[in-house]
Structures are given as C-alpha cells and as structure tokens.
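What follows is one structure encoded as structure tokens, with my remarks underneath.
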Amino acid sequence: MSDDHSLLQVRHLCKRFGGVQALDDVSFDLPAGQLLALLGPNGAGKSTCFNIVNGQGRADSGSVRLDGLDIIGLPPRDIWRLGVGRTFQVAATFGSMTALENVQMALLSHARKWFQLWRPAASFYRDEALALLAQVGMQQQAERACAVLAYGDVKRVELAMALAHRPRLLLMDEPTAGMATAERHALMALIRQLVDTQQLAVLFTEHSMDVVFAFADRMIVLARGRMIAAGDGETIRQDRLVQQVYFGSGKTFAAGRQQESMP
C-alpha cells in the first residue's frame, strides 16, 4: 500500500548487523486511524524496524517519514516530541508508585517540568492523570501501587502513560504478552477504540494470532528481514509463503480458524 498522505511512510529500509541482513528493502505506509500488525518469526526484523522508527537504531539506508518529515537519524527524545509513543513487551512502569503517580510523571515529562522539585509531584496534573486512567479503565485503581496490580492492569497504566504524551503514532511491542485470552481481547478492544476515536496510528508486533486477526486493519509479514506479504487478514491467512514460513503448514488456519498463539 502506498499513500502520500499516510502519517508514517517507511521506504526501502535496510539494516545489517555484521553478516546478518536484519532488514532488506522494507517499505510500508500507516495512515492515521489504522491498526497495523508487524508479524514474523523470531529474528524476522520486527524489533529492528521498531527501533529505527523511534530512533533507537540507525538504518544503513532508506527513509522514515512522519507526516512528511524525515526522522531518520533523529534521537529518540526528538522523535518522541514529534508524537511517536512506544510501549514495551515488559511494561515500563514504576512498581513502587501508584498508577496515578506513574501517569502524573508522564505528564510532567511531557510538560518539561522535571525541575520544579520544590513542589510535590503529586500536586501536578492530578485531574489530567485521572482522566487518562479513566480512558483506559483504571480510574478505580488509581491509588494502588503498580507492583500489586494484575499484569493486564499494569499494561493499561503503561498505555495511559503513553497517551500522556499525546502521540500521533503509537508503537506497541507485543502489547498482550503474558495475558490470558480475555485480558488480551479487552486490551486490544480498548486500543481499537482509541484508534477509531482519536485517529491514532498504531504499529504493533504480536505473537497472539487471535487478537491480530480480530483487531488489525492490515498486516505485514517479515521473514529474515524481507517483507513477504502485506494485506488484510484473509489475504495473509491464504498466502502460501506466509503459511510455509510463519504458520507452518497453514492447516490451523483452514476454514477461517484462528490460532491462539504463534507456534
């Protein structure tokens, strides 16, 4: 898919680590208001692609444009300021702090008020933090420490922290890792709602195929650094090369069945 008006445009991205070609001529677009899954077996290049988009890695060649601006080579902090947020496979929250305090810290960072230490952090952005927690269904647990929350709830807090920076593009690295089926679907339904109501663009990696096929608008499949397929769920499910490389024989996808997790 090529769209000059897409929020994110990745073109001919290449990256080599020694003798390993981690990315080999990868191109794709992601418009606002769309949920795009980046799939592939371990070592396919997904994390490398993520790291280049948010500035944690450097491409050997190619371009990454955010709303027309080439962001290749910018440091992660500058890319974050331009509206690119990220969540991680292992939720990045402060366990000893409450859910509310975690989101307040994210809001303080966004407002660049780290150095106003003569005022307690708890006095800043309380209402705004509570509103964000309400948005992700965590307002009732605002005063609980993240260390005692269920893992699915910690993921929701991390999402609220990411939203505190008002991203236009959100990169989510295995957002449902470690969750039970019901938790996975509840979190992805929330993300789907945010994509639709706030016109977020979300690029995510995921090993749980049930949520991928249930919620992604489009999918891209990588194998050994190359993009081998792109399209909607049915296109990907029926692709013979994807079946061979990623889904094995493909028999578990016959007749529309959805596999719970990657083999």
Query raised in the report: Out of curiosity, does Val20 fall in the hydrophobic cluster containing Val26 (side-chain heavy atoms, cut-off under 4.5 Å, transitive links)?
Result: no
Requested in this report: Give the cluster check for Val148 versus Met97: same hydrophobic cluster or not, with ILVMFWY residues linked at side-chain heavy-atom distances below 4.5 Å.
Outcome: no
Query raised in the report: If you take all heavy atoms of Ser96 and Ala145, which pair is closest and at what distance?
Result: O-CB, 4.4 Å
**Report entry** Straight-line distance of Leu171 CG to Leu30 CG, nearest 0.5 Å
**Finding:** 9.0 Å
Query raised in the report: Can you name the one residue among Leu35, Leu163, Leu7 that meets side-chain contact (heavy atoms from CB on, under 4.5 Å) with Leu200?
Result: Leu163
Query raised in the report: Regarding Lys15 and the six-membered ring of Phe17, is the cationic atom NZ or CZ under 6.0 Å from the ring centre and inside 45° of its axis?
Result: yes
Query raised in the report: Without hydrogens or angle criteria, can the side chains of Asn51 and Thr48 be said to hold a donor-acceptor pair below 3.5 Å?
Result: no
Report task. Please examine the side chains of Leu23 and Cys14, heavy atoms only from C-beta on, and report whether any two atoms are closer than 4.5 Å. Result -> no
Query raised in the report: When clusters are formed by joining ILVMFWY residues with side-chain heavy atoms under 4.5 Å apart, either directly or through shared neighbours, do Leu190 and Met138 land in the same one?
Result: yes
**Report entry** Check: Ser27 and Val10 side chains under 4.5 Å, non-hydrogen atoms
**Finding:** no
**Report entry** Between CD on residue Glu206 and CZ on residue Phe215, distance to nearest 0.5 Å
**Finding:** 11.0 Å
Query raised in the report: Side chains of Arg86 and Asp173: closer than 4.5 Å at any heavy-atom pair?
Result: yes
Query raised in the report: Tell me, do Met179 and Leu187 make a side-chain contact under 4.5 Å, heavy atoms counted?
Result: yes
Query raised in the report: Are Asp24 and Arg226 within salt-bridge range, i.e. N to O under 4.0 Å?
Result: yes
Query - Intermediate values then yes/no, side-chain contact (heavy atoms from CB on, under 4.5 Å), Cys49 and Phe28 - result: CA-CA 11 Å; Cys49 186; Phe28 61 88; 3.9 Å; yes
Query raised in the report: Does the side chain of Glu101 come within less than 4.5 Å of Phe94's, by heavy atoms?
Result: no
Requested in this report: Look up atom CG in Leu8 and atom CG in Asp67, then write down how far apart they are to the nearest 0.5 Å.
Outcome: 10.5 Å
Report task. May I ask you to say whether Arg192 pairs ionically with Asp217, meaning some side-chain N is under 4.0 Å from a carboxylate O? Result -> yes
Query raised in the report: About how many Å separate CD of Glu174 and OG of Ser47, when rounded to the nearest 0.5 Å?
Result: 7.5 Å
Query raised in the report: Considering only heavy atoms from C-beta outward, does the side chain of Asp210 approach that of Arg184 to under 4.5 Å?
Result: yes
Requested in this report: Evaluate the side-chain contact (heavy atoms from CB on, under 4.5 Å) criterion for residues Met105 and Asn102: first the C-alpha distance (whole Å), next the side-chain angles of each, then the deciding distance (0.1 Å), finally the verdict.
Outcome: CA-CA 5 Å; Met105 291 297 291; Asn102 270 278; 5.9 Å; no
Requested in this report: Please check if Leu169 and Phe88 belong to a single hydrophobic cluster, counting links between Ile, Leu, Val, Met, Phe, Trp and Tyr side chain heavy atoms closer than 4.5 Å.
Outcome: no
Query - Path from Val157 to Leu130 over hydrophobic side-chain contacts below 4.5 Å - result: yes
Query - Sidechain-backbone polar pair: Lys46 side chain, Leu222 backbone, donor-acceptor under 3.5 Å - result: no
Report task. Compare every heavy atom of Ala37 with every heavy atom of Val212, then report the nearest pair and how far apart it is. Result -> CG1-CB, 4.0 Å
Query raised in the report: Does the pair Asp29/Arg11 count as a salt bridge with the N-to-O cut at 4.0 Å?
Result: yes
Query raised in the report: Ala186 and Arg156: which non-hydrogen atoms are nearest, and at how many Å?
Result: CB-NH2, 3.6 Å
**Report entry** Note, Leu66 side chain near Arg168 side chain (heavy atom, < 4.5 Å)
**Finding:** yes
Requested in this report: Rounded to the nearest 0.5 Å, what's the gap from CG on Asp196 to CD1 on Ile191? Could you check?
Outcome: 12.0 Å
Query raised in the report: Distance-only, no hydrogens or angles: does the Gln238 side chain make a donor-acceptor pair with backbone N or O of Thr235 under 3.5 Å?
Result: no
Query - Lys/Arg N to Asp/Glu carboxylate O, Arg218 vs Glu234, below 4.0 Å - result: no
Query - Under 3.5 Å: donor-acceptor pair, side chain of Thr205, backbone of Leu38 - result: no
Requested in this report: Compare every heavy atom of Asn54 with every heavy atom of Ile79, then report the nearest pair and how far apart it is.
Outcome: CD1-C, 3.6 Å
Report summary line: When every non-hydrogen atom of Lys155 is compared with those of Ala177, the smallest separation belongs to CE-O, 4.1 Å
Requested in this report: Might you confirm whether atom OH of Tyr151 has over 12 heavy atoms from other residues, nucleotides or ligands at distances under 6.0 Å?
Outcome: yes
Query - Contacts of type side chain to side chain contact (heavy atoms under 4.5 Å, CB included), residue Thr87, not counting sequence neighbours - result: Glu158, Ala162, Met172
Report task. State, with a plain yes or no, whether a side-chain heavy atom of Val195 is found less than 4.5 Å away from one of Leu170. Result -> no
Query raised in the report: Can you name the closest pair of heavy atoms from Phe204 and Phe50 and give their distance?
Result: CA-CZ, 3.9 Å
Query raised in the report: About how many Å separate CD1 of Ile72 and CG of Leu13, when rounded to the nearest 0.5 Å?
Result: 5.5 Å
